[in-house]
Amino acid sequence: MVLAAVTRSKRRKRNGSGLLIFSLPAVIWFATFMIYPLFSMLYLSLTDWRSLISSQSFVGFAQYAKVFADPIFWSAFQNTLLQLVIAVPTMTFLGFMLAYYLTLKPVGVTLLRIVCFTPALMSLSAKSIMFFGAFAPDGLINGLLRSVGLDSLTNAWLASESTALYSIIAIDIWSGIGFTAVLLAVRMSGISPEIFEAAEIDGAGHWRKMWRISYPVSKDYFGGLFMLQFLWTAFNSAALILLLTRGGPGTSTYTLSYLMYSKAFVGQSIGYSQVVGVSLFVLGLFGMWAIRRTFRSVV
Amino acid sequence: MQTIFTRTPKLLAVSAVITASMVLTGCAAETATDGAASAPAANDAPLTILSQWGASDAEGLVLAETIAAFELETGRTVELTVVAGEGSDAKRTFEATVLAGSEPDLIFTNMYSSTVNWVDDGAAVAVDQYLTAWGLDSVIQPSALDVWRGSDGAIRGFPYSGLQWPVWYNTNLLEQAGVAAVPKTTDELIAAVKKLSAANIQPFAIGGNDWSGTKLFMQMVQNYLDDDASKELLTNGGYCANPDAMKGVDLVIDLVNQDVFLEDSQGLSYDQMVASYTTGQAAIMYTGQWAFAAVPEEIVSVTEFGGFPISSDSVWSKPTAYNSQNGVGISISQNGVKNIAAVEEFVKFMFQKSTVSNFAVNANVIPVVIPTGVDATGADTLFVQSVTALPEIVSYIPMPDDYVPGAVINALNGAVSLAFTKGNDRLTVCSALDAVYNSAK
């Protein structure tokens with residue numbers, strides 16, 4: 001019996017060593033490209049570092065004090081929250097509804113799927129050029145408004161403080177809805193048709209089938225997509241803003257992501273940008289925690 | 001700034017002579033090395049150059065032509081990398097190559113933003129010793145060298161070009177609207193714009209969404225600031241607390257509210273501004289000599305340069321304009337030091353009389369060399385106007401690029417766009433400007 005126990009222990013050790021050997025490349029990769037950069041960001045946020053070719057000086061939390069006292073940071077923080085609160089739920093819930101429609105297999109569903117997925121296939125530069133033209137003072141949107149006699153509603157959409165951020169958010173939503181819908185439709189197509197047929201017999205309409213059957217069944221998947229859209233929106237907004245508004249007018253389209261880019265590559269303050277990076281990281285963690293709690297399956 | 005183009009009385013009297021046998025005093029000087037180029041060194045390492053002049057721009061084309069001539073004359077090979085667009089793109093590219101240890105030998109960019117720190121950061125070298133050894137200290141204007149001098153007194157590179165930044169007036173459109181002369185005061189400007197609008201002609205085009213709008217905004221604010229006050233404000237900000245700067249902000253807001261600028265100017269870019277003017281739609285625009293080459297002949301013939309009109313209580317006596325000796329210069333990297341023989345040959349070649357003249361005549365590059373007089377027959381009409389007539393009719397005021405901290409200037413664009421937005425008050429504008437300065441401190 002003792003011998004058997006020793007043998008089991010040896011086997012476990014051997015299995016453990018094998019697992020370690022096989023997982024070592026992944027562990028090294030993760031440590032090199034995930035953990036190290038994370039600690040680098042934390043360290044660099046405590047430095048005063050002008051540019052990549054200049055020398056650094058350690059200033060500790062003075063850099064945090066400076067950043068947190070800067071109104072531009074709080075403006076960017078506020079804009080980021082607004083962008084997340086409006087864009088992410090809108091694109092995922094509308095995407096969900098569109099996905100439900102796709103699962104009904106309407107006429108031309110294949111074409112519709114392609115159309116829905118098109119924004120995901122467009123490069124950011126192409127999207128930016130398209131929307132720059134649409135939102136320009138003499139662009140498509142104002143042209144349409146003028147053509148129907150709504151001249152008073154025309155605006156310099158990307159250059160007006162009151163509309164610039166919402167224009168960016170609208171582009172986010174446009175880009176995200178179709179993509180989310182196509183992915184959710186894949187999940188929802190796995191739901192047994194018998195469930196829907198039974199619901200129909202009980203008198204359920206589309207609205208109830210959508211929210212009482214499709215949504216609970218795909219809630220985990222929906223939560224996962226919600227989290228991904230949250231992270232993409234929070235961390236990747238810099239590029240679109242760089243191409244369309246560069247944070248302006250004023251600071252109305254500064255987001256944390258853009259502020260991080262701007263301070264590192266234009267503003268000659270890498271230390272500042274890394275404080276923004278840490279803030280964004282914390283916001284991302286909090287958001288992930290909140291989303292997990294919200295969409296955690298009750299089953 | 002000492003202009004190298006001063007009109008002689010003869011030139012003033014006989015304009016025809018200007019185009020026929022124009023003497024642009026100081027287009028180039030003999031370098032100490034003219035006719036003394038080193039022997040061909042075909043076996044040496046290639047000379048590598050990074051330039052912010054676009055490959056299809058006039059400057060870029062002449063640079064390529066110059067390099068070809070240099071290769072032919074010396075037997076050396078030159079590898080040119082062009083990173084066009086805003087100068088900051090070329091700067092970032094250079095810094096990336098420094099990190100990789102593969103930086104080019106020479107960099108063509110301006111002494112601005114991160115360039116100022118390259119010598120301190122060890123990415124480039126001070127050129128004082130080369131300037132003397134290569135005889136260029138007697139070729140380049142001392143005032144231009146001062147622009148390229150760091151706080152420690154060391155010269156960061158060889159300044160090569162200056163710039164002129166006038167206001168452009170389409171006299172044909174002004175005439176059509178009943179405006180007899182280019183406006184010299186803000187009252188005249190407002191009156192002219194009213195007539196233009198009544199005649200359905202677009203007034204003053206400006207890229208209120210980018211650097212062109214920022215420069216014009218600064219220029220309008222400087223209407224109330226003398227040299228020293230301008231430099232102080234541009235360097236340190238503090239708009240809200242500066243009564244004279246606030247008078248300037250009020251002037252801008254007033255002009256915007258009086259529809260002097262195109263509708264929704266805060267949403268327009270530099271390219272849109274140039275397009276409006278060069279297609280004959282807008283009567284007025286604001287850009288520098290780098291745009292001369294792209295202007296169609298029918299617009300060239302009706303374009304008259306002037307400064308930005310001054311108010312009745314301005315500190316300046318004539319309409320204002322920017323000029324600078326900080327157009328583009330040549331920096332030497334650490335790799336360039338290792339390839340110094342080739343660098344020396346090329347830099348001397350760039351400062352040869354024929355090369356400088358070629359850049360002036362064919363690329364509208366305003367040289368910063370010591371005046372000696374050179375035949376520049378064939379120079380662009382607008383170029384000639386900008387270096388001969390313009391200096392007579394404007395007050396040159398401190399150029400923002402020479403004073404605004406590099407960490408601030410790009411972020412100012414967003415703040416300035418608020419000034420071009422109708423309905424914004426002075427506090428909104430000045431607070432946004434001060435926030436940008438404070439954020440960079």
Side-chain angles (χ1 to χ4, degrees), chain A residues 48-56 66-76 132-133 135-139 141-142 151 154-164 167 241-242 244-254 258-259 261-270 272-273 276, chain B residues 86 88-89 91-92 94-99 103 113-114 116-118 120-124 208-211 213-214 262-269 272 276 405-424 428-429 431-436 438-441:
Chain A
D48 187 10
W49 193 21
R50 189 168 18 84
S51 75
L52 293 172
I53 61 170
S54 67
S55 54
Q56 311 162 5
K66 177 186 163 185
V67 174
F68 293 151
D70 185 357
I72 292 178
F73 171 81
W74 290 110
S75 177
F132 189 81
F135 285 125
D138 53 356
I141 293 174
N142 283 347
D151 295 50
T154 59
N155 199 350
W157 300 97
L158 290 169
S160 165
E161 267 190 298
S162 57
T163 56
S167 302
I241 291 168
L242 172 68
L244 289 178
T245 64
R246 300 198 174 205
T251 55
S252 62
T253 55
Y254 265 89
Y258 179 74
L259 182 61
Y261 156 80
S262 173
K263 285 292 180 182
F265 291 96
V266 183
Q268 299 177 25
S269 184
I270 292 176
Y272 184 121
S273 83
V276 179
Chain B
E86 294 178 25
S88 54
D89 297 335
K91 292 179 175 77
R92 275 201 291 274
F94 172 69
E95 291 180 3
T97 60
V98 169
L99 289 170
E103 67 269 27
S113 186
S114 56
V116 175
N117 301 308
W118 282 352
D120 296 335
D121 293 338
N209 197 24
D210 61 23
W211 50 272
T214 300
L262 293 192
E263 190 183 359
D264 293 328
S265 279
Q266 80 275 17
L268 299 180
S269 65
Q272 288 168 307
S276 292
V408 169
I409 190 75
N410 287 305
L412 280 178
N413 296 342
V416 166
S417 68
L418 295 175
F420 286 103
T421 308
K422 265 187 172 179
N424 278 333
T428 303
V429 175
S431 303
L433 292 163
D434 286 344
V436 172
N438 292 335
S439 181
K441 281 177 182 165

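These numbers come from the heavy atoms of this one structure, side chains and all, not from hydrogens, waters or symmetry mates. Every value quoted in this text rests on a predicted model; they were computed, and no experiment measured them. Residue numbers begin at 1 in each chain, while the letters A, B, ... track the order of the sequences.
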Say you draw a straight line from [atom1] of [X] to [atom2] of [Y]; how long is it, rounded to the nearest 0.5 Å?
{"X": "A:R246", "Y": "B:N410", "atom1": "CZ", "atom2": "CG", "answer": "7.0 Å"}
{"X": "A:D138", "Y": "B:D264", "atom1": "CG", "atom2": "CG", "answer": "9.0 Å"}
{"X": "A:L158", "Y": "B:S417", "atom1": "CG", "atom2": "OG", "answer": "11.5 Å"}
{"X": "A:T154", "Y": "B:E263", "atom1": "OG1", "atom2": "CD", "answer": "6.5 Å"}

Taking only residues two or more places apart in sequence or in another chain, which ones pass salt bridge (Lys or Arg N to Asp or Glu O under 4.0 Å) with B:D120?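 B:D120 satisfies salt bridge (Lys or Arg N to Asp or Glu O under 4.0 Å) with B:R156 once adjacent residues are dropped.
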Listed by chain and number, what are the salt bridge (Lys or Arg N to Asp or Glu O under 4.0 Å) partners of B:D121, not counting sequence neighbours?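 Per chain and number, B:D121 pairs via salt bridge (Lys or Arg N to Asp or Glu O under 4.0 Å) with A:R50.
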Heavy-atom distances under 4.5 Å only: say whether A:S51 touches chain B with side chain, backbone, both or neither. side chain
Contact part of A:F135 toward chain B, heavy-atom cut-off under 4.5 Å: side chain, backbone, both or neither?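 Neither part.
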Heavy atoms only, distances under 4.5 angstrom: which of A:A136, A:S55, A:A156 has the most pairs with chain B? Name it, please.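 Winner by heavy-atom pair count: A:A156.
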Residues in residues 68-75 of chain A near chain B [non-hydrogen atoms, under 4.5 Å]: A:D70, A:I72
What option among B:T421, B:L99, B:V98 has the most heavy-atom pairs under 4.5 Å with chain A? B:L99
Quick check: closest heavy atoms across A:K263 and B:S439, and the distance to 0.1 Å?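 For A:K263 and B:S439, the tightest heavy-atom pair comes out as NZ-OG, 2.8 Å.
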Atom of B:R92, atom of A:Y261 and distance for their closest heavy-atom approach: NH2-OH, 4.0 Å
Which residues pass the side chain to side chain donor-acceptor pair (under 3.5 Å) test with A:E161, not counting sequence neighbours?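 If we apply the side chain to side chain donor-acceptor pair (under 3.5 Å) test to A:E161, skipping adjacent residues, there are no hits.
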